[in-house]
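Atoms within a ligand are numbered from 1 in the order they appear, just like the ligands themselves.
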Amino acid sequence: MSEYLSLEGRTAIVTGGARGIGKAIAETLGARGAKVVVVDLIMDLAEEAANEIATNHGVETAALEADVSDQASVKAMVKAAIAKFGQIDILINNAGITRDGLIMRMKEADWDMVLDINLKGAFNCSQALARPMMKQRYGRIINISSVSGVAGQAGQTNYSSSKAGLLGFTKALAKEVGSRGITVNAVAPGFIETVLTHELPEEIKEMSIKLTPMGRFGTPQDIANAVAFLAAEESSFITGVTLQVDGGMVM
Ligand code: NAD
């Protein structure tokens, strides 16, 4: 019997895998034996991450450039990934941005950009991989949402909408592709220490810890551990769920 939660023989695409949560996910999947495609716009960091994973875990990796909000760019990336690895088994829709602001002051461009990257990006990548995954009768799609999508966050109408949208997308797609051996799930992180949250005012950070029963910020590794579980073969009867990884912040 193979090792519990092993990803040996599988290939994963991780969008936004160059740094932060995406990088931790890419590394953790590699550590479990998966070949990893790191997709990002920041190519020096993406290549560094891919090389590190290959060196540390002895798995094949690649760094590919794609803007997830751009359908043509995503199609080209998926074509290149399949040409190199033959089959993609796991897709992690992790690339995401924030452009915060109260609704009275939010620019239309900031609304559009957040929805285009966070929500349409997951649509573009999932659509590009749906046919090959259905044909191979196996797939794991994991969408990185947020507690802001579950509970709503003032100052983040754009971001909360995109992340709540991902939860509906997850459930709808899970129903469409379940019969083909493909599971679709969401992970909703709470407050995780990354570049994205580094700039927040101290009082917001302190308040977040107070609201978290586990009494600390999450780490990118906390999220990666949950993703690795859902990405494994053993999770084949789990689909359409949102796994909150937030130290109990939202319940
Ligand atoms: P990050 O900014 O450190 O990393 C995001 C990565 O996505 C970057 O490498 C960036 O270059 C890439 N990216 C951005 N736009 C892209 C595009 N159009 N195409 C391809 N790549 C693109 O952020 P993070 O904190 O690691 O966040 C990762 C995910 O987790 C995001 O979806 C975010 O919304 C979500 N999340 C983060 C937190 C948190 O507290 N940090 C909480 C909940 C959810």
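Nearest-heavy-atom check against atom 42 (C) of ligand 1 across Ser146, Gly190, Gly121 picks out Gly190. Closest heavy-atom approach to atom 25 (O) of ligand 1 among the candidates Ile42, Asn94, Thr194: Thr194. For atom 5 (C) of ligand 1, the choice among Gly96, Ala122, Gly22 with the nearest heavy atom turns out to be Gly96. Of the listed options Ile92, Val68, Leu45, Val68 places a heavy atom closest to atom 19 (N) of ligand 1.
Each of the following atoms of ligand 1 lies closer than 4.0 Å to a heavy atom of Ile144: 30 (O), 35 (C). Interface of Asp67 with ligand 1, defined as ligand atoms under 4.0 Å from a residue heavy atom, comprises 17 (C), 18 (N), 19 (N). If you number the atoms of ligand 1 from 1 as listed, the ones under 4.0 Å from a heavy atom of Ile117 come out as 15 (N), 18 (N). Ligand-side atoms of ligand 1 in range of Tyr159: 33 (C), 34 (O), 35 (C), 36 (N), 43 (C), 44 (C), range being under 4.0 angstrom from any heavy atom. Atoms of ligand 1 lying under 4.0 Å from at least one heavy atom of Gly16, given by number and element, are 6 (C), 7 (O), 12 (C). Residue-ligand proximity, Ile192 to ligand 1, at heavy-atom distances under 4.0 Å covers atoms 39 (C), 40 (O), 41 (N). Every atom of ligand 1 is numbered from 1 in the order shown, and the set under 4.0 Å from a heavy atom of Thr197 is 39 (C), 40 (O), 41 (N).
In this structure, atom 22 (C) of ligand 1 lies nearest to the protein heavy atom Ala95 CB, 3.7 Å. The protein non-hydrogen atom at the shortest distance from atom 14 (C) of ligand 1 is Ile97 CG2, 3.8 Å. The closest protein non-hydrogen atom to atom 3 (O) of ligand 1 is Arg19 NE, 3.0 Å. Of the protein's non-hydrogen atoms, Leu196 CB, 3.8 Å is the one closest to atom 23 (O) of ligand 1. For atom 16 (C) of ligand 1, the closest heavy atom belonging to the protein is Leu41 CD1, 3.7 Å. When hydrogens are left out, the protein atom nearest atom 10 (C) of ligand 1 is Asp40 OD1, 3.5 Å; that is the closest non-hydrogen contact.
With a 4.0 Å heavy-atom cut-off, ligand 1 is reached by the backbone of Ser145 but not by any atom from C-beta on. Only the side chain of Lys163 comes within contact range of ligand 1, with a heavy atom under 4.0 Å; no backbone atom does. Residue contacts with ligand 1 for Ile21 involve both N, CA, C or O and side-chain atoms from C-beta outward (heavy atoms, distance under 4.0 Å). Under 4.0 angstrom from ligand 1, the non-hydrogen atoms of Ala66 all belong to its backbone.
Within 6.0 Å of the NZ atom in Lys75, the count of heavy atoms belonging to other residues, nucleotides or ligands does not exceed 12. By the neighbour-count criterion of 12 heavy atoms within 6.0 Å, atom CD1 of Ile209 is densely surrounded, having more than that number from other residues, nucleotides or ligands. Around CE of Met43, the count of heavy atoms belonging to other residues, nucleotides or ligands within 6.0 Å exceeds 12.
Each of Val184, Thr183, Ile182, Asn143 was evaluated against Leu173; a single residue qualifies, Val184, per the side-chain contact (heavy atoms from CB on, under 4.5 Å) test. Of the listed residues (Thr11, Val59, Val14, Ile13), just one forms a side-chain contact (heavy atoms from CB on, under 4.5 Å) with Leu29, and that residue is Val14.
Looking at every heavy atom in both residues, Ala164 comes nearest to Gly149 through CB-O, 3.4 Å. Residues Ala80 and Leu64 approach most closely at CB-CD1, 4.1 Å, considering heavy atoms. Minimum interatomic distance between Leu5 and Glu234 (heavy atoms only, all atoms of both residues): N-OE2, 2.9 Å.
Hydrophobic clustering (ILVMFWY, side-chain heavy atoms < 4.5 Å, transitive): Ile142 and Leu129 are in distinct clusters.
The shell of residues lying under 4.0 angstrom from ligand 1, judged by heavy atoms, excludes Phe217.
Here the CE atom belonging to Met113 is positioned 13.0 Å from the NZ atom belonging to Lys120, to the nearest 0.5 angstrom.
Using modelled atom types, one finds a donor on one side chain and an acceptor on the other under 3.5 Å when comparing Thr28 with Gln221.
The aromatic rings of Phe169 and Phe123 sit perpendicular, their planes meeting at an angle over 60°, well past the 30° parallel limit.
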